[in-house]
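Start at 1 with the first residue, then count along the sequence. Just so you know, these numbers use all the heavy atoms, side chains as well, and skip hydrogens, waters and symmetry mates.
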Amino acid sequence: MAYALFKDDEKLSRTFSTKEEALKKADDAGLVESGGAQPRLEDDLKIKPCSPDPEPRCEDDLDWTSENPAS
């Protein structure tokens, strides 16, 4: 199963093979708030299961950053 970052029902990132990988990329991009027992995504962001991307993408192709979120 693939996972991606969503805001509401809009997919914001490429797909990742695990939820943990998607969370790590979100953390690397500065989209995870620290504090508390568990990491928490900013705003209304969620990592959800989804269909895999139709074509494989390189590591940098659709990753987001806090300055340049994917859309």
Rounded to the nearest 0.5 Å, how far does CD of E10 lie from CG of L5? 10.0 Å

Who are the side chain to side chain donor-acceptor pair (under 3.5 Å) partners of K7, not counting sequence neighbours? none

Hydrophobic cluster membership, M1 vs F6, 4.5 Å side-chain cutoff: no

K19: which residues meet the side chain to side chain contact (heavy atoms under 4.5 Å, CB included) condition with it, sequence neighbours left out? Y3, I47

Kindly write out the residues that satisfy salt bridge (charged side-chain N to carboxylate O under 4.0 Å, His left out) with K48, not counting sequence neighbours, or none if the list is empty. D9

Which atom of C50 lies closest to which atom of A4, heavy atoms considered: SG-CB, 3.7 Å

E33: salt bridge (charged side-chain N to carboxylate O under 4.0 Å, His left out) partners, not counting sequence neighbours: R40

With K46, which residues qualify under salt bridge (charged side-chain N to carboxylate O under 4.0 Å, His left out), at least two apart? none

Just to verify, what does T18 make a side chain to side chain donor-acceptor pair (under 3.5 Å) with, not counting sequence neighbours? none

Shortest non-hydrogen contact between T15 and D53, atoms and distance: N-OD2, 3.0 Å

Test of understanding: with side chain to side chain contact (heavy atoms under 4.5 Å, CB included), list the residues that count as partners of P39, not counting sequence neighbours. L23, V32

